[in-house]
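Positions are given from 1 along the sequence.
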Amino acid sequence: MDTTASTLDPARVASGQPDPIDSLPASFRWGVATSSYQIEGAVAEDGRTPSIWDTFCRVPGAVHKGEHGDIACDHYHRMPSDVGLMRDLEVDTYRFSVAWPRVQPGGRGPANPAGLAFYDRLVDELLAQGIDPWVTLYHWDLPQELEDAGGWPARDTAYRFADYSMLVFDQLSDRVRTWTTLNEPWCSAMLGYAYGRHAPGKRDFGAGMHAVHHLLLGHGLATQRMRAAAPGPIDLGITLNMSTSVAATESEPDVHAARRADGLGVRIYLDPLRHGRYPQDIVADLAARGIELPVQEGDLEIISAPIDVLGVNYYFSTQHSGVDEQGRTEDADGLPVSREVPFGRPRTAMDWEIVPEGFTELLVRLSRDYPDLPMVITENGSAFDDEPDANGFVQDDDRIGYFVSHLGAVALARQQGADIRGYFAWSLMDNFEWAYGYDKRFGIIRVDYDTQVRTPKASALWYRDTIRRIRNAGN
């Protein structure tokens with residue numbers, strides 16, 4: 001299938017405007033991304049012990065149809081052929097996560113040799129195919145034993161994470177240059193401990209805020225130790241999921257609702273990481289709720305240990321109001337109202353509004369407020385209700401349109417001075433989509449979960465052709 005024409009934004013072609021994607025340099029990094037629990041399966045093989053997601057999936061009603069990651073995409077057994085698919089896409093980087101309970105069963109003690117061996121083989125296979133490995137140390141699969149001991153709201157988990165990180169780093173740092181500590185700590189803390197929608201399914205806002213601090217502390221501890229132990233040049237970073245938070249109107253309640261959303265979604269992470277302090281307005285907001293971040297002496301110095309790259313995950317933007325449907329500005333507890341209101345844009349199958357211009361706005365803002373920190377888009381993509389043909393092929397023009405608009409948004413941000421050095425499509429293949437089970441498909445490669453047959457979708461061919469076009473242009 002020739003997808004060259006579809007690499008261009010039709011509206012720009014019609015108007016004669018240049019496609020901003022064409023301005024991306026030949027040195028731009030192109031990748032795909034996955035996470036361990038979503039694709040590996042083999043949850044009880046070679047010494048792996050349960051994670052909080054193995055437990056959460058067994059909670060009635062927690063996950064769509066009671067589905068789980070026991071088999072997922074069976075990547076644990078199909079890894080070499082999956083790397084071959086990446087080679088065919090012509091990507092230069094693969095971002096994957098390491099399963100903590102596979103490497104360190106129970107979250108304490110020595111490494112499990114069989115668990116480490118899998119990632120050894122994966123790294124070697126990637127390098128043999130000319131693909132750089134980009135390791136994420138934590139993508140939500142906390143060993144259940146550590147959750148039983150208090151989980152991320154407990155300070156000790158930060159130290160356990162640093163110990164685990166060094167087990168992986170010591171094994172792979174001779175071949176892996178780029179390391180991400182945490183993927184989306186907002187999701188781990190807020191969806192896991194405050195709102196109960198992700199593992200471990202707790203509903204305690206104060207516990208969620210304690211988890212925020214301890215996740216960041218774990219990041220800092222691991223960063224310091226990896227930097228000190230590095231055998232050569234390395235790039236260390238963290239990946240945050242972020243969006244723009246826009247006030248629905250210029251009214252004071254709406255402006256403050258957007259401020260609070262931005263503070264809890266962006267600044268509470270990046271201010272301590274880059275400036276060594278938590279945002280004072282958010283500290284005051286939390287105090288009004290009777291919540292104090294569990295900061296101890298020296299913590300912020302550890303958290304703000306220098307990093308080399310910021311991973312940015314973007315899927316949508318949000319609009320906020322400080323007035324509820326009944327016109328009230330305070331809730332039953334006397335706290336300010338904060339609610340999301342729609343833009344009125346088309347939505348993905350996740351019910352997320354498609355707002356590519358928010359992507360540009362976010363990236364330019366990050367480069368302004370947190371300068372001198374290179375960025376890589378470590379996740380961006382969309383779920384749609386794919387319809388395969390008789391051969392399993394999916395003509396996913398809606399997903400291609402999403403990629404066109406969002407890669408264009410990245411290029412426009414670069415043109416406005418944002419230092420963005422790469423883009424990783426989420427996801428390499430359809431997989432276990434957390435509480436949505438297997439109902440939502442983000443992959444550019446379709447997975448038939450009954451047969452485990454992989455079939456590249458039209459978006460995969462589009463992505464390959466776009467990579468070729470940019471590289472060949474040689475900007």
Side-chain angles (χ1 to χ4, degrees), residues 34-78 82 96-97 99-102 105-107 138-148 151-152 183-184 186-204 207-208 211 241 315 347-352 379 381-388 392 394 426-443 445-455:
T34 66
S35 86
S36 52
Y37 190 74
Q38 291 181 275
I39 68 167
E40 283 182 4
V43 298
E45 291 189 35
D46 293 336
R48 183 191 181 277
T49 56
S51 74
I52 54 175
W53 272 96
D54 295 291
T55 302
F56 188 66
C57 289
R58 268 63 187 185
V59 175
V63 176
H64 176 73
K65 294 183 179 178
E67 292 170 338
H68 47 72
D70 288 8
I71 299 174
C73 303
D74 197 32
H75 175 70
Y76 191 75
H77 301 114
R78 300 169 185 266
D82 286 341
F96 63 93
S97 76
W100 188 344
R102 193 180 297 286
Y138 185 73
H139 198 131
W140 309 352
D141 42 5
L142 184 71
Q144 182 60 44
E145 289 88 342
L146 292 186
E147 176 57 32
D148 295 340
W152 285 110
N183 178 76
E184 300 184 349
W186 182 91
C187 292
S188 296
M190 305 312 292
L191 296 182
Y193 292 97
Y195 306 137
R197 297 201 294 270
H198 278 188
K202 305 294 176 60
R203 296 178 183 273
D204 182 334
N241 58 305
Y315 292 96
R347 295 172 180 264
T348 69
M350 297 289 288
D351 202 32
W352 296 341
E379 288 183 29
S382 54
F384 289 101
D385 295 325
D386 293 342
E387 294 293 338
V394 177
W426 183 270
S427 177
L428 170 66
M429 56 184 146
D430 297 333
N431 53 50
F432 177 78
E433 186 49 42
W434 308 113
Y436 292 92
Y438 296 97
D439 187 52
K440 308 299 182 186
R441 292 177 177 264
F442 277 88
I445 294 175
R446 182 177 187 272
V447 177
D448 183 320
Y449 296 120
D450 294 327
T451 65
Q452 293 295 341
V453 169
R454 279 86 154 123
T455 306

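Between A72 and Q38 the shortest heavy-atom distance is CB-O, 3.5 Å. Closest heavy-atom contact between N431 and W426: ND2-CZ2, 4.2 Å. Scanning all heavy atoms of the two residues, the minimum distance from M350 to A383 falls at CG-CB, 3.9 Å. Minimum interatomic distance between P143 and G106 (heavy atoms only, all atoms of both residues): CB-C, 3.8 Å. Here the closest non-hydrogen pair linking G41 and R102 is O-NH2, 3.0 Å. Here the closest non-hydrogen pair linking P200 and G192 is CD-O, 3.4 Å.
Judged as a salt bridge (charged side-chain N to carboxylate O under 4.0 Å, His left out), and not counting sequence neighbours, the contacts of D430 are R441, K457. The salt bridge (charged side-chain N to carboxylate O under 4.0 Å, His left out) test applied to R446 returns no partner, not counting sequence neighbours. Partners of P105 under the side-chain contact (heavy atoms from CB on, under 4.5 Å) rule, at least two apart in sequence or in another chain, are T49, N112. Considering only residues two or more places apart in sequence or on other chains, D450 meets the salt bridge (charged side-chain N to carboxylate O under 4.0 Å, His left out) condition with none of them. Partners of K440 according to the salt bridge (charged side-chain N to carboxylate O under 4.0 Å, His left out) rule, which considers only residues two or more places apart in sequence or in another chain, do not exist here.
The side-chain heavy atoms of C73 and Q452, taken from C-beta on, include a pair separated by under 4.5 Å. The shortest distance between side-chain heavy atoms of H64 and W434 does not fall below 4.5 Å. Counting heavy atoms from C-beta outward, T455 and V394 have side chains that stay 4.5 Å or more apart. Inter-residue side-chain proximity for E379 and N241 is flagged as unmet; no heavy-atom pair is nearer than 4.5 Å. Side-chain contact check for W152 versus L146: every heavy-atom pair is 4.5 Å or farther apart.
One finds no salt bridge joining D82 and R78 here, because no Lys/Arg side-chain nitrogen approaches an Asp/Glu carboxylate oxygen to under 4.0 Å. A salt bridge between D70 and R58 is present, with a side-chain N of the basic residue lying under 4.0 Å from a carboxylate O of the acidic one.
Taking OH of Y193 as the start and SG of C187 as the end, the distance is 13.5 Å to the nearest 0.5 Å. Here the CG atom belonging to L428 is positioned 6.5 Å from the OG1 atom belonging to T34, to the nearest 0.5 angstrom. Here E147 contributes atom CD and T55 contributes atom OG1; the two are 9.0 Å apart, rounded to the nearest 0.5 Å. Note that CZ of R454 is 7.0 Å distant from CG of D74, once rounded to the nearest 0.5 Å. The NE2 atom of H139 sits 12.0 Å away from atom OG of S51, with the distance rounded to the nearest 0.5 Å. Rounded to the nearest 0.5 angstrom, T348 OG1 and Y315 OH are separated by 10.5 Å.
With ring centers used as reference points, H198 lies under 6.0 Å from W53.
Between the side chain of Y37 and the backbone N or O of G69 there is at least one donor-acceptor pair closer than 3.5 Å. Looking at R203, its side chain never comes within 3.5 Å of a backbone N or O of A194 through a donor-acceptor pair.
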Q: For S36 and S97, run side chain to side chain donor-acceptor pair (under 3.5 Å): C-alpha distance rounded to whole Å, both residues' side-chain angles, the deciding distance at 0.1 Å, then the answer.
A: CA-CA 5 Å; S36 52; S97 76; 3.1 Å; yes
Q: Start with the C-alpha distance between M429 and I39, add both sets of side-chain angles, then the distance that settles side-chain contact (heavy atoms from CB on, under 4.5 Å), and finish with yes or no.
A: CA-CA 9 Å; M429 56 184 146; I39 68 167; 4.2 Å; yes
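Sorted by first and then second residue, the pairs that involve residues 41-51 and meet salt bridge (Lys or Arg N to Asp or Glu O under 4.0 Å), not counting sequence neighbours, are R48-D54.
Put simply, the residue from F56, Y449, Y438, F442 that forms a ring-ring contact (aromatic ring centres under 6.0 Å, His included) with F432 is Y438.
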